[in-house]
Q: 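Sending over a structure as structure tokens; questions will come in a sec.
Here is how names work: the chains are called A, B, and so on, in the same order as the sequence lines, proteins then strands, and each is numbered from 1. Note that these values count all heavy atoms, side chains included, but never hydrogens, waters or copies made by symmetry.
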Amino acid sequence: MSSINRFAKQIPAHVLSNKRVGQYHQILLNIGDLVKHCHPGNFVAISVGGDNSGMILRRAFAISRVSDRGEYGGTMELIVAPHGAGSRWLCSQQEGATLDVVTPLGSAFGIPTEPVNALLIGGGYGSAPLFGLAEVLKARGCRVDMILGASSTPKIYAPLEGKRSVNSLKIYTEDATSGIHGRVTDSLREIIAQDQIDVIYSCGPMAMLSAISSIASSMDVVHQCAVEEAMACGIGVCMTCVLPVTKDDGSIAMLRSCIEGPVMDGAKVAWNLVGQGREVKA
Amino acid sequence: MSSINRFAKQIPAHVLSNKRVGQYHQILLNIGDLVKHCHPGNFVAISVGGDNSGMILRRAFAISRVSDRGEYGGTMELIVAPHGAGSRWLCSQQEGATLDVVTPLGSAFGIPTEPVNALLIGGGYGSAPLFGLAEVLKARGCRVDMILGASSTPKIYAPLEGKRSVNSLKIYTEDATSGIHGRVTDSLREIIAQDQIDVIYSCGPMAMLSAISSIASSMDVVHQCAVEEAMACGIGVCMTCVLPVTKDDGSIAMLRSCIEGPVMDGAKVAWNLVGQGREVKA
Amino acid sequence: MSSEFDYSTKLGTAWFPTPLFTASGCASSGRELAQFFPLKSIGAVVTKSIMLKPRLGRPTPRMSETPSGMLNSIGLQGPGIDAFIANDIPWLVENSARVVVSIAGETVEEYATLARRLRSVPGISALEVNISCPNVENRGLVFACDLDSSRAVIDGVRRIIGGDLPIIAKLSPDVTDIVSIAKGVVDAGADGVALINTLLGMVINIDTMRPHLGGKTGGLSGPAIRPVAVRAIYQVHEAMPKLPILGMGGVRSGRDALEMILAGASGVSVGTASFGNPHAIIDVQTELERLLRERGFDSLRSAVGFAHRDAQSAPDEDLS
Amino acid sequence: MSSEFDYSTKLGTAWFPTPLFTASGCASSGRELAQFFPLKSIGAVVTKSIMLKPRLGRPTPRMSETPSGMLNSIGLQGPGIDAFIANDIPWLVENSARVVVSIAGETVEEYATLARRLRSVPGISALEVNISCPNVENRGLVFACDLDSSRAVIDGVRRIIGGDLPIIAKLSPDVTDIVSIAKGVVDAGADGVALINTLLGMVINIDTMRPHLGGKTGGLSGPAIRPVAVRAIYQVHEAMPKLPILGMGGVRSGRDALEMILAGASGVSVGTASFGNPHAIIDVQTELERLLRERGFDSLRSAVGFAHRDAQSAPDEDLS
Ligand SMILES: Cc1cc2nc3c(=O)[nH]c(=O)nc-3n(C[C@H](O)[C@H](O)[C@H](O)COP(=O)(O)OP(=O)(O)OC[C@H]3O[C@@H](n4cnc5c(N)ncnc54)[C@H](O)[C@@H]3O)c2cc1C
Ligand SMILES: Cc1cc2nc3c(=O)[nH]c(=O)nc-3n(C[C@H](O)[C@H](O)[C@H](O)COP(=O)(O)OP(=O)(O)OC[C@H]3O[C@@H](n4cnc5c(N)ncnc54)[C@H](O)[C@@H]3O)c2cc1C
Ligand SMILES: Cc1cc2nc3c(=O)[nH]c(=O)nc-3n(C[C@H](O)[C@H](O)[C@H](O)COP(=O)(O)O)c2cc1C
Ligand SMILES: Cc1cc2nc3c(=O)[nH]c(=O)nc-3n(C[C@H](O)[C@H](O)[C@H](O)COP(=O)(O)O)c2cc1C
Ligand code: FES
Ligand code: FES
């Protein structure tokens with residue numbers, strides 16, 4: 001634990017651009033040297049509402065991608081869904097605005113040391129961190145397949161340049177407005193078997209992660225999922241973001257998803273106990 | 001009372017310009033047809049901090065000037081001192097921003113039906129509404145002298161075009177950085193006597209209004225002052241903005257300065273009882 | 001409002017076309033808000049707590065803004081019951097407003113006297129009894145903070161009023177056990193309770209380095225206190241599910257009002273929000289109706305206390 | 001800090017170089033904040049309330065943001081006293097942090113047992129006794145809401161501790177009369193009081209239409225509650241001017257902390273503000289010192305309770 005958040009800093013970050021992409025906003029921030037310490041799976045916590053805001057807590061967003069090349073030096077990209085007041089405020093920030101960010105936070109996806117067959121599954125804006133992850137996996141010689149799903153097409157985030165870093169991409173929409181009609185888990189067993197998947201990386205709504213976990217466990221596939229629990233502090237001090245996780249001795253521990261996550265071993269999360277069956281509103 | 005605030009409306013107003021003038025910001029707002037109902041002495045109440053602001057109360061500002069000519073239609077000008085968080089937020093609003101304003105509120109300066117000799121006294125940003133008043137008085141054939149005072153030059157607001165509408169202008173600064181060294185009340189008795197002043201109009205810090213009142217009363221000069229008490233609602237429903245006023249029978253009433261003011265008869269305010277001797281912080 | 005949705009509510013025997021009320025002390029006697037909307041379009045105007053004699057109230061400063069809230073220390077400034085009955089009620093009645101009169105006293109006797117004066121005044125829908133006042137006969141201890149004093153006030157008022165007017169006891173949140181106070185006043189004859197009055201607070205002026213308010217302490221209101229209000233409403237509704245509750249404390253939008261309705265309020269008062277937005281009560285009224293309809297309720301009443309029902313039940317099941 | 005200004009404070013016999021403390025439950029066991037600043041640079045780390053046994057705490061959701069505040073319902077999740085003594089205290093001591101240990105129990109006996117376990121552990125500056133816990137032996141009524149239970153807990157802890165460690169009783173604002181509770185615990189042996197714990201609140205989720213928190217009710221914290229905290233501090237200091245008070249509740253800037261010092265606090269804990277700003281406590285510490293110096297104080301101690309002095313006195317007169 002003492003290694004986690006070791007490089008986290010609170011810095012002012014300029015908004016370099018803010019573009020609408022489907023239902024989301026793609027926001028590019030100038031974060032300088034911190035990019036060096038950002039890994040796929042890490043997140044950023046942002047103050048919202050400006051000075052004297054009644055919204056006193058930061059909002060968490062997965063780091064979609066970082067780059068240390070380009071005219072502005074180190075940059076970080078976020079994919080933000082305008083959900084409630086805080087994320088809507090963020091989406092309304094124009095080029096030139098300054099944000100108060102703390103990053104990089106939390107655990108990162110574990111990268112295999114050997115080339116393996118990896119399946120990346122994203123739900124909604126959950127695809128955001130997967131493209132950066134795909135690049136890293138490709139660089140390690142992995143085969144990278146990707147499945148994205150959402151209720152409808154505008155909620156699918158799949159940038160052109162991102163598609164280049166994967167070997168295959170399947171899209172599912174529940175309203176059949178694009179790709180396959182249905183959910184990412186509909187043919188998951190078949191895909192795992194056919195493509196000889198060794199490891200699944202996932203990010204998206206908790207219900208999706210839970211469904212993937214049960215399939216992955218039953219087929220003995222490693223499953224690293226980035227969870228999303230409501231977080232008050234994002235830095236491990238408040239205990240609000242906990243998830244029930246099964247320990248080696250079979251007992252349950254409540255682990256902080258901000259600091260002992262957001263990337264967790266899907267097989268260990270006691271999904272049936274999450275929120276005592278009541279789901280956190282995504 | 002039922003006539004007051006009869007024309008008040010809550011409207012979105014665009015910021016047409018925001019310029020620094022000394023220590024103040026001169027903010028021009030687009031308020032359309034409402035200008036017709038704005039009179040010198042009236043004020044505007046503005047929401048500050050944006051949506052989800054922790055600052056839940058409006059801030060009050062004297063209407064400095066209105067105009068219904070010009071390319072934008074009806075406009076209103078404010079002179080705002082960056083004092084605390086709310087007024088600083090207002091001063092930071094750029095051209096194009098939209099403000100939530102309620103105006104015109106409160107009582108206006110009474111205009112004499114005959115041509116008289118009027119003395120207008122402003123302290124700090126208190127001069128703001130006096131230039132518009134001077135124009136009205138001149139149009140009625142009055143002689144208009146003006147005295148402005150502040151602790152230091154950057155706190156004197158005296159626009160060039162405004163100076164044209166007065167017969168004479170004296171400036172006092174306490175640090176002697178411009179005009180006469182001292183306070184507006186220093187030679188007030190002499191001025192009243194020499195210039196045969198019939199009525200004094202004043203706007204500024206409460207201590208100044210109180211000092212003017214005692215001189216004006218002792219010399220039997222009418223004194224209309226625009227007071228400044230902390231206001232929670234600005235529309236007469238909360239009773240926070242009260243001032244002790246002596247009634248005809250000699251008893252004291254606590255009148256709401258937002259609706260039975262801000263323009264009050266200086267002779268009737270029981271200055272010695274204001275805040276039981278404790279001044280409201282300006 | 002279409003005929004399919006029944007937005008009306010009752011507090012005891014009093015009927016109101018909508019559940020939106022002004023909060024006592026936040027609408028003066030009604031006239032001033034009438035510049036912004038017709039008073040008859042809301043459920044009722046709850047007037048500023050009136051006392052027997054005219055009162056000047058506390059010294060200024062009387063307010064201080066705090067994060068998402070404000071402190072006030074008005075000290076019940078008002079014209080006294082005679083002028084109030086002579087001037088304010090007739091004006092409200094003329095303007096077709098429904099009227100809930102809030103009364104406040106310094107002794108049990110004073111409350112009873114106020115009730116006697118109001119008993120036969122036409123045009124009053126209900127009495128709100130503000131018991132968050134210092135009891136001069138009991139070391140200045142606030143009536144609402146003491147079970148026996150609270151009961152004594154309501155008992156005295158009930159005796160005078162008989163069964164004519166609904167009596168709503170307005171309680172303070174500054175107590176260890178608000179449910180026991182609520183039970184006490186109901187037992188003493190209250191037809192409903194108003195929850196909550198302001199929380200006792202203080203701000204120190206860091207320039208003068210002394211308490212900022214002329215009255216030193218003040219009452220905290222506004223969105224900051226909403227979670228405390230919702231909790232109080234929930235607790236009291238849980239203990240007495242049939243008791244009409246007039247909820248208030250930090251409501252500034254339809255969603256806030258909905259929280260209170262679901263927690264158990266039959267009506268909602270909007271106070272401090274009107275200071276920031278003179279149309280707040282109208283906005284809340286419009287949004288609340290929309291939110292209720294969107295959730296499948298066909299009446300306000302079917303939503304009251306819904307948060308207490310077991311998690312499986314849907315609005316439709318409650319329409320029987 | 002220059003040598004001319006004495007920023008140190010004392011709570012009972014315990015000395016701290018600055019008056020800034022973490023708030024229990026808002027800094028976990030200290031390690032996590034150490035990524036952002038050295039723990040030894042603040043007055044002390046107040047650890048999350050520890051219980052006898054390991055606890056999983058309440059179901060999620062455990063938090064809800066509210067206007068300028070938040071509700072939490074953690075349910076005292078923690079490793080239990082054994083693991084805490086084995087892992088957390090040694091780490092804090094190694095990192096030169098001053099440590100105030102917060103304890104919580106379900107019975108009077110449990111508090112005493114915790115005190116016994118901690119009595120001889122080296123490196124602890126003081127005990128904060130969190131009595132805002134349900135008393136399983138008294139219908140689940142929160143200790144801090146009952147004078148006798150509050151006294152019993154402190155009495156039990158005091159007997160075990162003897163005169164060794166200062167005992168700070170942490171009180172709940174959810175009471176009718178916080179001064180009487182404060183007097184009670186002081187009488188039972190507390191060396192000081194911590195004011196205030198969270199206010200009981202609730203949020204209804206308007207989508208599920210049920211209480212949002214897994215634990216239904218939660219504790220309200222953050223700037224929203226600051227006026228209530230300042231009032232409590234002012235009242236208790238007025239009643240017992242010599243009693244050390246650790247103030248807390250919504251402090252996020254030096255000016256907020258100054259309000260509490262002037263009201264009567266000898267130290268200030270920063271809780272919720274650290275969630276929005278991991279350096280909040282350092283920022284508060286720096287700004288508070290500046291504000292005190294600007295006002296002519298040459299020590300923190302000369303400013304404690306200054307708002308109670310008569311309006312004519314200036315800081316200089318108190319430096320004798
Ligand atoms: C590790 C992590 C990564 C995330 N990555 C992304 C991302 O890449 N893109 C994106 O659009 N969103 C992401 N989210 C969700 C995002 O944090 C919420 O949408 C946002 O906090 C909602 O705030 P709001 O003010 O708009 O909504 P409100 O509902 O008004 O928020 C109220 C409170 O609830 C919390 N909250 C509400 N919804 C969520 C949620 N789903 N998760 C966590 N907290 C919530 C807020 O933080 C806030 O404290 C992520 C969340 C977490 C925890
Ligand atoms: C009728 C009237 C006309 C005014 N005209 C002008 C003007 O033309 N130009 C100008 O710069 N200022 C004017 N003021 C003062 C202006 O309203 C305050 O400076 C402003 O409200 C301060 O808000 P803040 O958030 O910056 O300060 P803060 O001190 O943070 O405000 C905190 C609270 O105190 C209230 N408050 C603080 N100072 C004052 C004050 N002096 N008067 C009233 N309320 C106060 C605020 O409204 C707010 O509710 C006027 C005030 C009144 C009542
Ligand atoms: C300025 C002001 C004056 C008030 N005066 C009264 C009063 O006279 N009688 C009363 O019962 N409540 C009074 N209250 C309390 C409100 O009616 C209400 O209970 C409280 O403010 C919480 O609601 P809100 O947050 O919507 O304002 C007053 C509140 C404020 C802010
Ligand atoms: C998430 C959270 C957890 C808390 N846990 C504890 C606790 O374990 N023990 C305790 O005495 N107080 C606890 N508190 C209360 C704080 O210590 C503090 O008294 C309160 O939050 C007010 O201060 P603040 O507004 O600065 O947070 C907790 C508060 C929060 C927000
Ligand atoms: S969000 Fe605070 S511990 Fe995870
Ligand atoms: S500011 Fe509310 S009555 Fe004047």
Q: Quick one: CG on C:Asn277 to CG on B:Leu57, what's the gap to the nearest 0.5 Å?
A: 12.0 Å
Q: Counting only heavy atoms closer than 4.5 Å, note whether B:Ile252 contacts chain C via side chain, backbone, both or neither.
A: both
Q: Checking the side chain of C:Gln35 only, and the main-chain atoms of B:Phe7 only, is there a donor and an acceptor separated by less than 3.5 Å?
A: no
Q: Just verifying a value: how many Å separate C:Phe36 CZ and B:Lys9 NZ, rounded to the nearest 0.5 Å?
A: 9.5 Å
Q: Given heavy-atom pairs under 4.5 angstrom as the criterion, report whether the side chain, backbone, both or neither of B:Val102 touches chain C.
A: side chain
Q: May I ask you to check whether over 12 heavy atoms, not counting those of B:Asp51, lie within 6.0 Å of atom CG?
A: no
Q: Go through the atoms of C:Ser274 and report whether side chain, backbone, both or neither lie under 4.5 Å from a heavy atom of chain B.
A: backbone
Q: If you measure from the Lys or Arg side-chain nitrogens to the Asp or Glu carboxylate oxygens, is any gap between B:Arg58 and C:Glu65 under 4.0 Å?
A: no
Q: Quick check on B:Arg183: does its CZ atom have over 12 non-hydrogen neighbours (other residues, nucleotides or ligands) under 6.0 Å away?
A: no
Q: Does atom CG of B:Asp33 have more than 12 heavy-atom neighbours, drawn from other residues, nucleotides or ligands, at distances under 6.0 Å?
A: no
Q: Roughly how far, to the nearest 0.5 Å, is CG of C:Asn72 from CE of B:Met239?
A: 12.0 Å
Q: Which atoms of C:Leu56 come close to chain B, meaning under 4.5 Å heavy atom to heavy atom: side chain ones, backbone ones, both, or neither?
A: both
Q: Let me confirm one number: the CD-SG distance from C:Glu32 to B:Cys258, rounded to the nearest 0.5 Å.
A: 8.5 Å
Q: Can you check side chain to side chain contact (heavy atoms under 4.5 Å, CB included) on B:Val237 and C:Thr22, steps first, answer last?
A: CA-CA 11 Å; B:Val237 297; C:Thr22 63; over 6 Å; no
Q: Side chains of B:Cys238 and C:Met63: does their closest heavy-atom pair fall under 4.5 Å?
A: no
Q: Between B:Glu229 and C:Arg62 (salt bridge meaning N to carboxylate O under 4.0 Å), is one present in this structure?
A: no
Q: B:Thr240 versus chain C, heavy atoms under 4.5 Å apart: side chain, backbone, both or neither?
A: both
Q: Is it the case that more than 12 heavy atoms not belonging to B:Asp249 sit under 6.0 Å from its CG atom?
A: yes
Q: Could you walk me through whether C:Arg252 and B:Ile56 pass the side chain to side chain contact (heavy atoms under 4.5 Å, CB included) test, one step at a time?
A: CA-CA 10 Å; C:Arg252 67 173 159 186; B:Ile56 60 165; 4.2 Å; yes
Q: CE/B:Met55 to OG/C:Ser68 distance, rounded to the nearest 0.5 angstrom?
A: 10.0 Å
Q: In terms of heavy-atom proximity below 4.5 Å to chain C, should B:Ala253 be classed as side chain, backbone, both, or neither?
A: backbone
